[in-house]
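The block underneath contains the structure these notes are about, expressed in structure tokens.
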Protein chains: 4
Amino acid sequence: MKRHDRHEEFLLTALELFAERNFATVTVKDIAQSLGVNPALVYYYFENKTALLRAAIEFIVAKSFENIEALEKENCDPAQMIASWLDNHVKNYSEIHRFVKIALDFKSAHEGDDAIEATIARFYAEERKMLSRIIRRGVEARLFNRIDSDRMAQFISTFLDGCMVRSVILSNFKLSVAVEDLRRTIFEQLGLQVRPKAHNGA
Amino acid sequence: MKRHDRHEEFLLTALELFAERNFATVTVKDIAQSLGVNPALVYYYFENKTALLRAAIEFIVAKSFENIEALEKENCDPAQMIASWLDNHVKNYSEIHRFVKIALDFKSAHEGDDAIEATIARFYAEERKMLSRIIRRGVEARLFNRIDSDRMAQFISTFLDGCMVRSVILSNFKLSVAVEDLRRTIFEQLGLQVRPKAHNGA
Amino acid sequence: MKRHDRHEEFLLTALELFAERNFATVTVKDIAQSLGVNPALVYYYFENKTALLRAAIEFIVAKSFENIEALEKENCDPAQMIASWLDNHVKNYSEIHRFVKIALDFKSAHEGDDAIEATIARFYAEERKMLSRIIRRGVEARLFNRIDSDRMAQFISTFLDGCMVRSVILSNFKLSVAVEDLRRTIFEQLGLQVRPKAHNGA
Amino acid sequence: MKRHDRHEEFLLTALELFAERNFATVTVKDIAQSLGVNPALVYYYFENKTALLRAAIEFIVAKSFENIEALEKENCDPAQMIASWLDNHVKNYSEIHRFVKIALDFKSAHEGDDAIEATIARFYAEERKMLSRIIRRGVEARLFNRIDSDRMAQFISTFLDGCMVRSVILSNFKLSVAVEDLRRTIFEQLGLQVRPKAHNGA
DNA sequence: GATGAATGAGGGTTCATTCAT
DNA sequence: TATGAATGAACCCTCATTCAT
């Protein structure tokens, strides 16, 4: 039994801090202090502060892919899968919002690091492909209306990004309400019975 | 005729750079260099780098309010007004996206500056109030379906924030397409004829 | 009637601020602000911040000489003159202590400005010469014991400098008490009746 | 054997420079250069330039207290102890005069740092208490005239401060002569035989 | 006389990074 | 593995000083 996996500890801590503040604001000392170790130790495990960011992003993207795959394996009803995906965003809020924040921050200050750029792009592409795949399957099975699956996927995921931003900026933003509104909108467009989840009659 | 309004020049430049990169990454020297002046001059016009940020945010928010007011005065058809508001986001993309980025960045690194915090909150509140007002008017005039105007306003503006984020993160994101999708979705929910509006490829 | 003599105003203000803080700490802006004028104006009247210091020191020394001369003209009884000199230090405390402080500060940071150096030296020499002269006169008139007038002068003036320092450093230092103690000591050594001089509590 | 105690090295160097010039004039770079190290290293050992001053003052005051204690332990004859104390000022001139200068400078520019203020006050209080104690003992043992020990202590220490000032300001000031004059004056007032140290006949 | 605007030099401080141990 | 000590580069900011008006 390993006492601790230092490498991963650094990744996790870096992720947390980079998302909470941002790359430029978080110092190597901050990260080390969070773990109760010496700042110089970062350079034993990583080449750079930037390399640490790179590794952290790759780490979180890899984990997200696992999430996506798990989702696709467990469920088979397309409508259910979409609902799960949305729930996932509410439940795993902090993880996802971290990624969005870091991605945004990266674009702001690191134009040039192609590896990171590629990883981020890959994540977004994969997310959209998955959503698109699910929708297409629903359409083909005649469960959904015939709509452009790519655009719908884009729509969903754009809105979710908006949620992530607002939950950072607006202290009174209600993530679950917003996501529920999204679900209703999507389901309506897909031609599904919008299950009357309590509120607003009609 | 003044040759230049230095104060405003600083505001504009700061806005541009802070949005493009972020507060921590942009140096006072960068801002000065952009204007071809000495960095010390910043301190002649502003107390601080932070004070400059504050002034810049106030400046852009004030300008946005003017936009909002103009919009409400020019139009009278609620549906038309909503469409205009969306168009506004496509046309004035850079200004709006700057504000969102700066707001997000601010939240990351400046927890504590109440003045800035308040300005940002005020902007978002005002935006939502205006959208809500327009929708309510449409509902009351029986032009729109009877829906919760506040939630719809929130929905719209959350999606637009999502657009702003993605246009930064994803190089192949098509803002106009996304906004058009939003328009169709909204109009459907409001019970309006979705006119096909031949949109330009962009 | 001149509304104001700017030159002298600068001198006076500089003196006050340089003594209160010190040359390095007081900015040209501080001085200008004290007078409610623009900092650049200093350079109309003086070549330099240092030139202003120089002029200010010369100014205060000249004024001190006037004091000394006046003292010597008014009185003729040596014992009375010494007492007056001491009283003078209690009454004109702020002026004298300013000079000592500035002189000390000057030595700390301006080694090199010979003009200032000379002015300060001249002041101290003059002060000692005057005291010495008075004492010698008292001795020659057989009013005082036969003592070394130069050393006594040095003794008095050293103690007075000590008073100045302590009144700055020690908030509970009682200048008048200390000076009275000095007077008694001197008079004893001179062989004078130490009149009890009911001094006020301060 | 440690090669060097950096912390103490900084303290010593700072003390020397702050006394020679003053807090505002001495740069962190100066201090570092004196030790042949990088200026940033100062911040490894001290929080601040001000914290360095604080530590330096505390250091020198602590050392002075040791001096005082040693003095009181070694001697037992009150008259001898006073003489030793005076000699101490002549011999350890540079250390003491440093403290006075720094204390004076501090008062000029750092109003607000309570810790430093307290340390300085403590030093002066302690010094006076010790002198007072010695004198009282002499009076009680009927070795000295019956005089106010507190005032005599104050008198001595004020004069010594005056010496310190003059030795800075006046290049031709003879510290040992001034201190000897003080000794004679004190001893006379205490009713001691003034050992005829050469000059002034009678 | 007097000012607003502008600058260059430099100071305090932070921070990523290195290196010997 | 891990640390303490050290450094160089860069940043924010201040300030004396200048100059056109």
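Letters go in sequence order (proteins before strands), and every chain restarts at 1. Please read all numbers here as calculations on a predicted model, not as lab measurements.
Using a 4.0 Å cutoff on non-hydrogen atoms, no part of residues 14-23 of chain D comes near DNA chain F. Taking a 4.0 Å limit (strictly below) on heavy-atom distances, residues 35-42 of chain A reaches DNA chain F at Val37(A), Asn38(A), Ala40(A), Leu41(A).
Rounding to whole angstrom units, NE2 of residue His7(A) and C1' of dT1(F) are separated by 15 Å. Rounded to an integer number of Å, the gap from CD of Gln33(C) to P of dG4(E) is 12 Å. Distance Lys29(D) NZ to dA9(F) P: 13 Å, rounded to the nearest Å. In this structure, Ile31(D) places its CD1 atom 16 Å from P of dA6(F), rounding to the nearest Å. We find that CZ of Phe46(C) is positioned 14 Å from C1' of dG1(E), with the value rounded to whole Å. Atoms CG (Asp5(B)) and P (dG4(E)) sit 16 Å apart, rounded to a whole Å.
A distance of 13.5 Å separates NZ of Lys49(A) from CZ of Arg54(A), quoted to the nearest 0.5 Å. We find the NZ-CG distance between Lys63(A) and Leu11(A) to be 10.0 Å, quoted to the nearest 0.5 Å. In this structure, Leu17(A) CG and Asn22(A) CG are separated by 11.0 Å, a value rounded to the nearest 0.5 Å. In this structure, the separation between CG on Leu12(B) and OG on Ser34(B) is 11.5 Å, given to the nearest 0.5 Å. In this structure, the separation between CG on Leu104(A) and CG on Asp105(B) is 9.0 Å, given to the nearest 0.5 Å. Rounding to the nearest 0.5 Å gives a distance of 7.0 Å between CG of Leu41(C) and CG of Asn38(C).
With a cut-off of 3.5 Å on both pairing distances, the Watson-Crick or G-U wobble partner of dG10(E) is dC13(F). Pair check for dT21(E) finds dA2(F); Watson-Crick or G-U wobble, both atom distances under 3.5 Å. Nucleotide dA16(E): paired with dT7(F) (Watson-Crick or G-U wobble, both distances less than 3.5 Å).
Between dA2(E), dC11(F), dG12(E), one nucleotide has an atom nearer to the side chain of Arg6(C) than all others, and that is dA2(E). Comparing atom distances between the Thr27(D) side chain and each of dG4(F), dG12(E), dA16(E) picks out dG12(E) as nearest.
Residue whose closest nucleotide on DNA chain F sits further toward the 5' end, between Glu47(B) and Glu47(C): Glu47(B).
As judged by a 4.0 angstrom heavy-atom cut-off over every strand, Tyr45(B) is placed among residues touching the sugar-phosphate backbone only.
Contact check, Lys49(D) against dG12(E): a side-chain N or O comes under 4.0 Å of OP1 or OP2. Here Tyr43(C) reaches the OP1 or OP2 of dT17(F): one of its side-chain N or O atoms lies under 4.0 Å away. The phosphate of dC13(F) (OP1 or OP2) has a side-chain N or O of Asn48(B) nearer than 4.0 angstrom. Distances shown here put a side-chain N or O of Tyr44(D) below 4.0 Å from the OP1 or OP2 atom of dA5(F).
A salt bridge is absent between Glu20(B) and Arg98(B): the closest approach of a Lys/Arg side-chain nitrogen to an acidic carboxylate oxygen does not fall below 4.0 angstrom.
With a 4.5 Å cut-off on side-chain heavy atoms, Ile116(D) and His110(D) do not count as touching.
Judged purely by atom type and a 3.5 angstrom limit, Asp30(B) uses its side chain to pair as donor or acceptor with the backbone of Thr27(B).
Tested against Phe18(A) for a ring pair (Phe, Tyr, Trp, His ring centres under 6.0 Å), the candidates Phe10(A), Phe59(A), Phe106(A), Phe23(A) yield a single pass: Phe23(A).
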